[in-house]
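All remarks here apply to the structure that follows.
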2 protein chains.
Amino acid sequence: MKKKKKNENSSKIFEGHDHGACFGDAITQIEDYFIQKKLQLTPLRRKVFEILIEDHKPLGAYEILDKLGKAGFSSSPPIAYRVLDFLIEHGFVHKVQGLNAFIACSNPKHSHFPTFVICRKCEKVAEVSEEKSGLNLPSPEITNFKIEKTTIELTGICSTCENAEIR
Amino acid sequence: MKKKKKNENSSKIFEGHDHGACFGDAITQIEDYFIQKKLQLTPLRRKVFEILIEDHKPLGAYEILDKLGKAGFSSSPPIAYRVLDFLIEHGFVHKVQGLNAFIACSNPKHSHFPTFVICRKCEKVAEVSEEKSGLNLPSPEITNFKIEKTTIELTGICSTCENAEIR
DNA sequence: GATTAGTGTGTTATGTTATAACATGTAATG
DNA sequence: CATTACATGTTATAACATAACACACTAATC
Ligand SMILES: [Zn+2]
Ligand SMILES: [Zn+2]
Ligand SMILES: [Zn+2]
Ligand SMILES: [Zn+2]
């Protein structure tokens with residue numbers, strides 16, 4: 001009895017997911033959040049978020065600008081950067097520093113001290129929540145430092161790519 | 001008798017240190033390492049490292065280039081970036097992604113999964129070794145991902161600056 | 001000892017990422 | 001209707017980084 005639980009093998013962080021559901025959930029979540037916080041989910045902001053959640057992979061600001069242009073929006077740099085900053089501020093987008101790229105948050109309801117796991121070969125990026133990353137932040141060394149923001153990125157090679165490597 | 005032990009209060013990661021000794025030690029360490037590994041510690045490489053260890057704070061590539069220029073070296077961008085890449089590769093320099101800047105490693109003998117603690121107000125940056133950061137990386141979630149490089153940066157406000165803030 | 005390969009530096013040009021500063025439009029508030 | 005807040009648009013430029021090629025020096029290799 002019991003359906004097979006997803007993520008029973010917890011180590012497969014790069015595995016695919018039901019992206020149709022993911023996309024819909026994400027849109028619903030951002031809509032609800034914006035209403036609740038009395039923020040404006042304008043066409044531009046919505047479009048930027050959709051662009052990011054659609055591919056669900058990191059995109060550079062100028063890639064986003066291209067897509068905005070094709071969708072009829074202005075595509076001068078400040079347009080993208082401003083909206084991205086706004087979405088980041090509200091936890092719906094993260095910047096992946098190691099790639100100078102932006103990615104939709106996998107779960108805005110969770111902590112905002114996420115870890116990004118980046119395969120240098122297939123370039124897949126997985127967001128791992130604080131709870132699951134095992135990175136227990138505030139150490140004795142840094143207890144009197146007030147952490148406001150974290151950048152935690154683990155770069156390496158995923159098992160799939162490693163197995164494929166010619167050694 | 002006993003000299004006062006440094007870092008007895010382990011939480012004061014931003015505290016000053018005996019930089020004369022630090023500077024000397026760092027130079028000795030890099031010299032030894034280069035000899036042992038049969039690498040060339042050329043005047044340019046030495047100068048770049050000296051520039052970084054002298055201030056012992058993050059410097060942008062173009063700041064380093066300025067200083068190189070004033071010291072009689074070429075100051076076109078590839079000069080700095082090449083040497084920085086080399087020093088990073090060998091663990092004597094780290095890049096602080098959040099600042100697009102480079103900083104001399106506080107202890108090249110230690111792990112190379114360091115944590116950087118960055119005060120957004122006074123802009124001080126402290127490198128905390130893996131051992132002391134409390135960030136025990138390989139979590140169950142990511143055990144079949146081979147980590148090659150980490151970027152761990154904690155941005156916030158140090159206790160000194162927080163106490164000084166007008167609330 | 002000429003040839004080759006490896007390494008380190010120099011130079012020019014260009015690519016990529018990000019922001020400053022200012023202008024315009026629209027809606028809510030008084 | 002003046003004022004404010006906010007969202008977007010535009011131009012120009014700043015800041016960060018790399019490609020591609022040239023040259024010098026050293027150390028093998030033939
Ligand atoms: Zn997230
Ligand atoms: Zn991979
Ligand atoms: Zn270090
Ligand atoms: Zn501070």
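Chain naming here is simple, since letters A, B, ... match the order of the sequence lines and numbering starts at 1 in each. Just so we're clear, the structure is a prediction, and the values are computed from it rather than from any experiment.
In this structure, CG on A:Asn144 lies 9.0 Å from CZ on B:Phe14, to the nearest 0.5 angstrom. The structure places NZ of B:Lys146 at 7.0 Å from CZ of A:Arg120, a figure rounded to the nearest 0.5 Å. Here CD of B:Gln40 is found 9.5 Å from CZ of B:Phe34. Values are rounded to the nearest 0.5 Å.
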Could you go through nucleotides 24-28 of chain D and list every protein N or O atom that sits under 3.5 Å from one of its N or O atoms, giving the distance for each pair?
none

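Screening A:Arg45, A:Lys37, A:Arg46 for a salt bridge (charged side-chain N to carboxylate O under 4.0 Å, His left out) involving A:Glu31 leaves a single residue, A:Arg46. Checking B:Leu154, B:Ile103, B:Thr155, B:Thr151 one by one against B:Phe116, the side chain to side chain contact (heavy atoms under 4.5 Å, CB included) holds for a single residue, B:Ile103.
Separating the CZ atom of B:Arg46 from the C1' atom of C:dG8 is a distance of 16 Å, rounded to the nearest angstrom. Taking atom CZ of residue A:Phe86 and atom P of nucleotide D:dT8, one finds them 9 Å apart after rounding to whole Å. Here D:dA17 presents its P atom at 10 Å from CD1 of B:Ile64, a figure rounded to the nearest Å. What separates CZ of A:Phe73 from C1' of D:dA7 is a distance of 13 Å, to the nearest Å. Rounded to whole Å, atom P of C:dG8 lies 8 Å from atom CG of B:Leu39. The interatomic distance linking B:Leu65 (CG) with C:dT9 (P) rounds to 14 Å, in whole Å. Separating the CZ atom of B:Arg45 from the C1' atom of C:dT9 is a distance of 10 Å, rounded to the nearest angstrom. Taking atom CZ on B:Phe34 and atom C1' on C:dT7, their separation rounds to 13 Å, with Å as the unit.
Follow the hydrophobic side-chain contacts under 4.5 Å out from A:Leu68 and you reach A:Ile27 in the same cluster.
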Side chains of residues 79-94 of chain B: which donor-acceptor pairs under 3.5 Å do they make with residues two or more places apart or in other chains?
| unit_1 | atom_1 | unit_2 | atom_2 | d |
| --- | --- | --- | --- | --- |
| B:His90 | ND1 | B:Tyr33 | OH | 3.0 |
| B:His94 | NE2 | B:Glu127 | OE2 | 3.1 |

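Within a 6.0 Å sphere centred on CD of B:Glu148, heavy atoms belonging to other residues, nucleotides or ligands number more than 12.
Taking every side-chain heavy atom of B:Gln40 into account, C:dT7 is the closest of D:dG9, C:dT7, C:dG10.
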* To do: Do nucleotides 12-30 of chain C as a string where each nucleotide becomes B, S or -: B if the base has a protein heavy atom under 4.0 Å, S if just the sugar-phosphate does, - if no protein is that close.
  => B----BBBB----------

